[in-house]
Q: 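This structure is in structure tokens; I'll ask about it shortly.
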Amino acid sequence: MAGERQARLADRIRVILAERLEKGLRDPRLGFVTITDVRVTGDLQHASAFYTVLGTEEERVASGAALTAATGLLRKEVGRQLGVRLVPTLEFIPDALPENADHISDLLRQARERDEEVAKLAAAGSYAGESDPYRVEVEPQTD
């Protein structure tokens, strides 16, 4: 029961934060921020909001500072829209998902290139040793 309530509360907080950020904050440091996930503790007292920022590393750092500065305003907005007795504290954590996805894409590209190199070597290669004079080709049976 508590897990279901946690999930509903986390999802609602994610939507509230996303809508508020879409309306905009009066902070010029805030870039194009996307709230990717929110996790709420079991006692519903603390919420960790994961976010990504589209842009350079400087823009990511500046947007993180802007979110930290606006935590009180955003918590007030969450409390106003949730209508719960105790509003969870908010913590903003940069999501490492895009960097991990890029790293995995690079690894897959490298693996694909190595597979192509091995296929080229295999196509140009020949078996070692002499041919087998006793080898008999057997044709598959068809019914």
Side-chain angles (χ1 to χ4, degrees), residues 1-129 131-132 135-143:
M1 180 86 57
E4 183 180 326
R5 184 166 184 212
Q6 266 179 277
R8 283 185 305 176
L9 188 64
D11 189 47
R12 186 68 186 131
I13 291 172
R14 183 182 58 80
V15 169
I16 292 169
L17 290 175
E19 287 174 351
R20 183 62 180 105
L21 290 175
E22 186 178 325
K23 290 178 186 175
L25 297 175
R26 293 183 191 161
D27 195 332
R29 300 175 293 175
L30 190 66
F32 188 73
V33 177
T34 303
I35 303 295
T36 57
D37 191 22
V38 173
R39 295 185 188 149
V40 179
T41 57
D43 61 358
L44 308 177
Q45 295 298 306
H46 183 75
S48 298
F50 295 88
Y51 68 94
T52 59
V53 179
L54 185 64
T56 64
E57 185 63 32
E58 294 82 26
E59 291 171 331
R60 290 181 189 143
V61 171
S63 293
L67 284 173
T68 302
T71 300
L73 173 75
L74 293 171
R75 183 174 183 224
K76 180 179 174 183
E77 183 75 18
V78 167
R80 188 179 64 76
Q81 290 192 28
L82 280 182
V84 293
R85 185 170 62 92
L86 296 172
V87 180
T89 59
L90 294 177
E91 176 186 18
F92 290 97
I93 302 170
D95 198 350
L97 185 65
E99 291 82 16
N100 291 342
D102 290 341
H103 180 67
I104 290 172
S105 295
D106 289 341
L107 291 175
L108 289 173
R109 182 188 47 76
Q110 290 174 4
R112 190 172 29 258
E113 289 172 356
R114 289 180 184 159
D115 286 347
E116 290 171 359
E117 290 175 12
V118 169
K120 287 177 186 176
L121 290 174
S126 61
Y127 292 105
S131 63
D132 187 4
R135 181 173 182 198
V136 178
E137 293 289 329
V138 178
E139 298 206 13
Q141 296 179 354
T142 57
D143 292 331

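For the numbers below, each heavy atom of this structure counts, side chains included, while hydrogens, waters and symmetry mates do not. All figures in this text were calculated on a predicted structure; none of them were measured in a lab.
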Q: Provide the closest heavy-atom pair for P88 versus L44 in the form atom of the first, atom of the second, distance.
A: CB-O, 3.6 Å

Q: Does a salt bridge link R14 with D11, judged by any charged N lying under 4.0 Å from a carboxylate O?
A: yes

Q: Enter the distance from K23:NZ to E19:CD here, rounded to the nearest 0.5 Å.
A: 7.0 Å

Q: Quick one: pull up OG1 in T52 and CG in D37 and give me the separation to the nearest 0.5 Å.
A: 11.5 Å

Q: To the nearest 0.5 Å, how far apart are CG in D43 and CD in Q6?
A: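 Spacing of CG (D43) from CD (Q6) equals 8.5 Å.
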
Q: Using side-chain heavy atoms (C-beta onward) and a distance below 4.5 Å, is R5 in contact with V40?
A: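 Result no, sub-4.5 Å side-chain heavy-atom pair not found.
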
Q: May I ask you to test the L67-L21 pair for a side-chain heavy-atom distance under 4.5 Å?
A: yes

Q: With the side chain counted from C-beta on, respond yes when I13 and I35 share a heavy-atom pair under 4.5 Å apart, and no when they do not.
A: no

Q: Check the pair V78, R20 against side-chain contact (heavy atoms from CB on, under 4.5 Å), reporting the backbone distance first and the verdict last.
A: CA-CA 9 Å; V78 167; R20 183 62 180 105; over 6 Å; no

Q: Only pairs under 3.5 Å count here: list side-chain donor-acceptor contacts from residues 108-119, not counting sequence neighbours, and write none if there are none.
A:
residue : atom : partner : partner atom : Å
R109    : NH1  : E113    : OE2          : 3.1

Q: Verify side-chain contact (heavy atoms from CB on, under 4.5 Å) between I16 and R12, making sure each step is shown before the conclusion.
A: CA-CA 6 Å; I16 292 169; R12 186 68 186 131; 3.9 Å; yes

Q: So how far is it from F32 CZ to R60 CZ, rounded to the nearest 0.5 Å?
A: 13.5 Å

Q: Output the distance between atom CG (L54) and atom CD (E59), rounded to the nearest 0.5 Å.
A: 8.0 Å

Q: Partners of D106 by side chain to side chain donor-acceptor pair (under 3.5 Å), sequence neighbours excluded?
A: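 By the side chain to side chain donor-acceptor pair (under 3.5 Å) rule, D106 matches no residue at all.
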
Q: Ignoring hydrogens, what is the shortest heavy-atom contact between R75 and V87? Give both atom names and the distance.
A: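 For R75 and V87, the tightest heavy-atom pair comes out as NH2-O, 2.6 Å.
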
Q: If you look at every heavy atom in A10 and V38, which pair is closest and at what distance?
A: CB-O, 3.2 Å

Q: Any side-chain heavy-atom pair from F92 and L74 closer than 4.5 angstrom?
A: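 Side-chain contact under 4.5 Å: yes.
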
Q: Roughly how far, to the nearest 0.5 Å, is OH of Y51 from OG1 of T36?
A: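 OH of Y51 is found 10.5 Å from OG1 of T36.
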
